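What you are looking at is a predicted structure, and each value in this text was computed from that prediction instead of being measured.
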Amino acid sequence: MRDVVIIGYGQTKFGELWESSFRDIIVEAGIKAIEDANIDGKDLDAIYVGNMSGGLFVGQEHISSLIADYAGLTPLPCTRVEAACASGSLALRSAYLSVASGHHDVVLVGGVEKMTDVVDATSAIATAADQEWEAFFGATFPSLYAMMARRYMYEYGLTIEELSMWSVIAHDHGSRNPYAQFRFKTTVEQVINAPPVAEPLTLMHCSPVSDGAAALIVCDAERAKDFVSRDDMIYIRASTQASDTISLHSRESITTLKAAKVASEKAYKMAGVTPDRIDVAEVHDCFAINGLILLEDLGFCKKGEAGKIVAQERIKIDCEDFLTVNPSGGLKAAGHALGATGIRQVGEIYWQLKGDENCRGRQAPIKHGYGITANVGGSGGTVCVHILSNNRR
Amino acid sequence: MVVRSWRHIKERYCLIGSRCKTCGRIFFPSRNICPYCRRRGELEEYKLSGRGKVYTYSVVHVPPKEFERMVPYVIAIVELEEGPRITAQIDCKPEEVYIGMPVEVVFRRIKEDGEDGIIHYGYKFKPVNY
């Protein structure tokens with residue numbers, strides 16, 4: 001397998017982009033990534049795109065052709081990859097495998113979702129759950145995570161105040177990110193007193209409905225020298241994925257994401273690092289409880305400890321005694337344009353490890369040069385993990 | 001959607017799951033392959049008692065369109081006494097539900113496919129001695 005690097009990244013702002021269409025935003029992100037990588041369209045060998053449900057959100061399938069067409073990149077092979085909210089990082093994994101294997105040299109990998117054009121987004125999002133045995137009976141997607149939160153509180157004594165601190169920190173970080181959907185700060189009282197969505201979760205424990213697109217250029221490490229300097233290459237040291245039952249109720253434990261444990265253990269092994277060497281993480285906090293669970297499942301603390309660590313604000317950018325978590329604001333504040341999220345997480349880590357000017361005001365302290373992303377599909381049925389590094393080895 | 005409902009009459013109306021003759025594990029909804037024994041497994045129909053306890057729950061305030069009239073409603077994962085856990089509504093007031101609450105299955109109308117569509121029936125659970 002060859003070394004694979006990221007040499008460019010671009011994204012749209014995430015939010016309610018009512019003036020832009022599906023094709024507008026993915027093309028905008030793609031062009032930014034191509035310009036950032038200092039490549040030309042003719043240098044590309046292939047395109048991969050993560051998208052959860054163009055069909056339900058904008059009534060458009062066959063988006064692979066649409067995107068190649070409107071990016072002016074036909075006849076390049078373009079492949080759409082789908083695994084609910086983990087679609088983006090699965091597209092990256094597909095691109096990574098195609099370059100690592102030697103089949104392609106330079107690949108554009110994007111993620112996109114246009115969610116605000118439909119009225120009943122709740123039903124569309126629920127298709128990430130088991131339609132016949134969860135959604136049919138009235139389980140909404142937030143209610144699945146709410147049931148995880150309720151059980152977690154029961155098993156580990158997590159308080160609603162501790163859980164709410166996750167959102168407070170997310171909004172603090174998001175307020176420093178010009179691409180974030182929400183740039184206002186909030187308080188524990190505001191989070192707890194927000195309108196209930198699925199008890200015990202309020203609106204302020206939930207990531208928003210977002211439009212957005214993000215794109216990366218991945219490249220063979222040798223070929224990358226043709227385009228950018230060494231300092232502008234960030235290595236993909238691990239790309240792993242695991243699956244679990246689609247229904248939450250079929251799992252032995254609902255206070256852990258087994259697929260996240262399996263994928264991250266494999267990733268640490270593949271990258272040859274341990275969790276204590278990770279400086280910065282972007283984890284999938286579609287709901288606040290998932291942020292806490294992932295801190296534990298990725299090996300940053302013991303089971304049941306995440307609430308205390310969050311309450312002590314040790315995951316904040318400015319705190320030096322723990323790793324920085326979600327400097328972008330995470331899904332909660334930066335926004336959650338489903339198919340784009342996995343790419344946006346990796347793009348944030350790419351910026352952070354480079355010390356890019358896009359991180360001004362929210363630069364995490366980088367000591368060892370490693371960052372990790374965990375992107376979750378559904379209630380944990382798919383988890384995809386990437387470890388990036390600015391070290392050449 | 002209509003045909004999909006016919007296919008599930010046994011499970012949704014009668015709570016019939018499956019049991020692996022090789023390892024003895026019981027599954028609901030029914031499976032064609034035992035995930036533990038795979039090809040060594042052999043599955044047979046298994047009727048569940050319908051008694052269990054609330055394993056976890058939530059009260060839904062923002063529903064999909066079809067459930068708008070029921071808000072707020074209690075959704076839960078029920079652990080059946082035979083072992084499997086299933087997702088269902090609990091037919092009780094939101095303030096009454098708690099983890100560990102004993103419940104039993106009841107046959108209920110779940111939702112309709114719009115004004116002119118079919119009515120979907122299935123299981124909910126109610127507190128025992130309700």
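Between A:His249 and A:Glu134, the side chains place no donor N or O within less than 3.5 Å of an acceptor N or O (distance only, hydrogens not considered). No donor-acceptor contact under 3.5 angstrom links the side chains of A:Ser87 and A:Asn51, judged on distance only.
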Passes side-chain contact (heavy atoms from CB on, under 4.5 Å), A:Leu56 versus A:Val118? Steps please. CA-CA 8 Å; A:Leu56 290 177; A:Val118 294; over 6 Å; no
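Residue B:Tyr123 touches chain A through both its backbone and its side chain, counting heavy-atom pairs closer than 4.5 Å. In this structure, the portions of A:Phe136 lying under 4.5 Å from any heavy atom of chain B include both its backbone and its side chain. Both the backbone and the side chain of B:Tyr57 come within contact range of chain A, judged by heavy atoms closer than 4.5 Å. Residue contact with chain B, scored on non-hydrogen atoms closer than 4.5 Å, involves the backbone and the side chain of A:Ala139 alike. Contacts of B:Ile77 with chain A are made by both backbone and side-chain atoms, with heavy-atom separations under 4.5 Å. Using a 4.5 Å cut-off between heavy atoms, B:Lys111 touches chain A through its side chain atoms alone. For a residue to count as touching a neighbouring chain, one of its non-hydrogen atoms must lie under 4.5 Å from one of that chain's; by this rule A:Ala135 touches chain B with the backbone only.
Ranked by heavy-atom pairs shorter than 4.5 Å toward chain B, the options A:Ala146, A:Gly138, A:Ser143 are led by A:Gly138. Contacts with chain A were tallied for B:Glu66, B:Glu11, B:Met70; B:Glu11 has the most, counting heavy-atom pairs under 4.5 Å. In terms of heavy-atom pairs under 4.5 Å with chain A, the best-connected choice from B:Glu79, B:Lys124, B:His8 is B:His8.
Using a 4.0 Å cut-off between a side-chain N of Lys or Arg and a carboxylate O of Asp or Glu, A:Asp285 and A:Lys332 do not qualify as a salt bridge. Taking the charged nitrogens against the carboxylate oxygens, A:Glu155 and A:Arg150 have no contact shorter than 4.0 Å, which rules out a salt bridge.
For the pair B:Phe67 and B:Gln89, the minimum side-chain heavy-atom distance is below 4.5 Å. You'll find the side chain of B:Ile16 stays beyond 4.5 Å of the side chain of B:Phe28, heavy atoms only. With contacts defined as side-chain heavy-atom distances shorter than 4.5 Å, the pair A:Tyr156/A:Thr255 qualifies.
Figure legend: B:Arg19 and B:Phe27 shown without cation-pi pairing, the cationic atom not lying both under 6.0 angstrom from the six-membered ring centre and within 45 degrees of its axis.
Identified by a heavy-atom distance below 4.5 Å to chain B, the contributing residues of residues 192-199 of chain A are A:Pro196, A:Val197, A:Ala198, A:Glu199, in residue-number order.
Each of A:Asn375, A:Asn290, A:Thr341 was compared with A:His284 under the side chain to side chain donor-acceptor pair (under 3.5 Å) criterion, and only A:Asn375 meets it.
Between the side chain of B:Lys53 and the backbone N or O of B:Val78, no donor-acceptor pair lies under 3.5 Å.
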